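Quick notes on the structure that follows.
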Amino acid sequence: MPDPLRYNKNFEKLSYEEKQLLEETKNSIVDFVEYSSTISDVNYATRNAHAKTYAVLKGEFIINKDIPGDLKYVFDSEKYEIVARLSNAHLKINKNKRDIPAYGFSIKIKDESGRTISNYPLVNFPLFPVSSVSTFLQFFTSLNRFFLKKWSNVIPLLNHFYKIIPSTLNPSFLKNVWKFILNKNNFMLSFDYHSVGAYRFDDKMIKIKMSPRNVQKNFGRRNSVKESVENFCLNQDYLADVFIQFCYDLKDQPINKLNVEWINSPFIKIGEIKIDKNSLLNPNNCENELLSFNPFDSAEIFQPVGKIQKLRDEAYKVSLQTRKKINKLLKYR
């Protein structure tokens, strides 16, 4: 294999128009979070994405002893403490038994002193339906406003949704949609989880995949997702292999084209996630509810790469600031 491409900050450089749209989106996020307790009928302000928490867990990230020698320098310990949050991608907390099968598995990796080294918000679909920053920001702003004003924002939302459709009509995306449909009823913890966007690995760029080893696909199928997750985590260990792919060529491994898979880049196992049974933390505890998995809070050598990724920094920050302000006023416990 050739040498991996080196990180360049120009990969996440936004245009003036994109920066203006981002400010508008941030305002819509504030409005959504301020009204989120009413939207979801709960007594606290929620996130404006992945609002529903299934579980908060503690575990370990164990480094692969057979990791290639030229990668070992990035890790100075054999294992790291992690905190994981399992969630549903919907903006609104659905209190029904059935949820849309769009799941999140966010991981916070800590050093021996408890400081955050890196945050990785992973999801169970490997691609993102749009690569245009402007199209995404306009759609997400209209989606936030739809939840606030409903019918008065239906037409703008549909117009922006229509603009997304062409970017999903490629073989890579359609293949993964079909695979997702076939597996939509599988147990949440049986899915692979993906970074979707790219991340730094020192001065190189990678994508991440986490694949479970010991989870039955039909586990707890008669129960709600939350009940199944809690039952599994109380009684069984969770083990998953962690793989990375390096970016060698922007044609085969594009940084800012998130609607296609990376090809011609082998998966390299760098470690495993281990969560022992009965490692559940209280998801309703104020400290756990206010957990942030902003990947830009990571050490510099592990930060996200790309324009869509760059949007997360501002979005996470404004969402967390608004939630903290409201939930402290409500004295949420």
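Numbering of residues begins at 1 and proceeds along the displayed sequence. Predicted, not measured: the structure shown is a model, and the values here were computed from it.
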Thinking salt bridges, do [X] and [Y] make one under a 4.0 Å N-O criterion?
X: Glu81; Y: Lys58; answer: no
X: Glu23; Y: Lys26; answer: yes
X: Glu24; Y: Arg145; answer: yes
X: Arg213; Y: Glu272; answer: yes
X: Asp237; Y: Lys277; answer: no

Working to the nearest 0.5 angstrom, can you tell me the gap between Phe146 CZ and Phe139 CZ? 10.5 Å

Nearest-0.5 Å distance, CD1 of residue Ile270 to CG of residue Asn64: 9.0 Å

Should [X] and [Y] count as side-chain neighbours, where that means a heavy-atom distance under 4.5 Å?
X: Leu311; Y: Leu137; answer: yes
X: Arg47; Y: Arg323; answer: yes
X: Asn259; Y: Phe128; answer: no
X: Glu34; Y: Ile326; answer: yes
X: Tyr44; Y: Thr46; answer: yes
X: Pro121; Y: Pro295; answer: yes
X: Ser292; Y: Tyr316; answer: yes
X: Ser195; Y: Tyr120; answer: no

Is there a donor-acceptor pair under 3.5 Å between the side chain of [X] and the backbone N or O of [Y]?
X: Ser167; Y: Ile164; result: yes
X: Gln245; Y: Ser265; result: yes
X: Gln236; Y: Cys233; result: no
X: Lys108; Y: Thr116; result: no
X: Asn8; Y: Asn10; result: yes
X: Ser298; Y: Asn119; result: yes
X: Ser172; Y: Val260; result: no
X: Glu60; Y: Ile275; result: no
X: Ser190; Y: Asn186; result: no
X: Asn124; Y: Asp192; result: no

Side chain to side chain contact (heavy atoms under 4.5 Å, CB included) between Leu281 and Leu57: does it pass, once the steps are laid out? CA-CA 5 Å; Leu281 302 176; Leu57 305 157; over 6 Å; no

Start with the C-alpha gap between Phe201 and Ile301, add the side-chain angles, then the distance that decides, and say whether side chain to side chain contact (heavy atoms under 4.5 Å, CB included) holds. CA-CA 6 Å; Phe201 192 84; Ile301 62 170; over 6 Å; no

Walk me through it: do Asn183 and Lys217 pass the test side chain to side chain contact (heavy atoms under 4.5 Å, CB included)? CA-CA 9 Å; Asn183 294 288; Lys217 294 181 178 180; 4.3 Å; yes

Say whether [X] and [Y] are linked into one hydrophobic cluster, either directly or through other cluster members, by side-chain heavy-atom distances under 4.5 angstrom.
X: Ile117; Y: Met210; result: yes
X: Ile100; Y: Phe173; result: no
X: Phe161; Y: Leu148; result: yes
X: Leu234; Y: Leu239; result: no
X: Phe180; Y: Met188; result: no

Would you find more than 12 non-hydrogen atoms of other residues, nucleotides or ligands less than 6.0 Å from [X] atom [atom1]?
X: Phe219; atom1: CZ; answer: yes
X: Lys274; atom1: NZ; answer: no
X: Gln20; atom1: CD; answer: yes
X: Lys72; atom1: NZ; answer: yes

Please find out if less than 6.0 Å separates the ring center of Phe11 from that of Tyr7. no

Is the Tyr199 to Phe302 ring centre distance short of 6.0 Å? no

Which heavy atom of [X] sits nearest a heavy atom of [Y], and at what distance?
X: His50; Y: Ser87; answer: ND1-OG, 2.8 Å
X: Leu250; Y: Leu5; answer: CG-CD1, 3.8 Å
X: Lys310; Y: Leu14; answer: CG-CD1, 4.3 Å
X: Asn256; Y: Lys307; answer: OD1-N, 2.7 Å
X: Tyr238; Y: Leu189; answer: CE1-O, 3.6 Å
X: Ala315; Y: Ile29; answer: CB-CD1, 3.8 Å

Distance-only donor-acceptor check, side chains [X] and [Y], under 3.5 Å:
X: Thr53; Y: Arg85; answer: yes
X: Tyr54; Y: Asn88; answer: yes
X: Glu227; Y: Ser224; answer: yes
X: Asp31; Y: Asn27; answer: no
X: Tyr73; Y: Asp202; answer: yes
X: Asp241; Y: Ser211; answer: no

Look at the aromatic rings of [X] and [Y] and report parallel, tilted or perpendicular, splitting at 30° and 60°.
X: Phe187; Y: Phe232; answer: tilted
X: Tyr193; Y: Phe191; answer: perpendicular
X: Phe75; Y: Phe61; answer: perpendicular

Is Lys269 close enough and on-axis enough to Phe243, meaning under 6.0 Å and within 45°, for cation-pi? no

Go through Thr168 and Leu174 one step at a time and tell me if the side chain to side chain contact (heavy atoms under 4.5 Å, CB included) criterion holds. CA-CA 7 Å; Thr168 67; Leu174 293 174; 5.5 Å; no

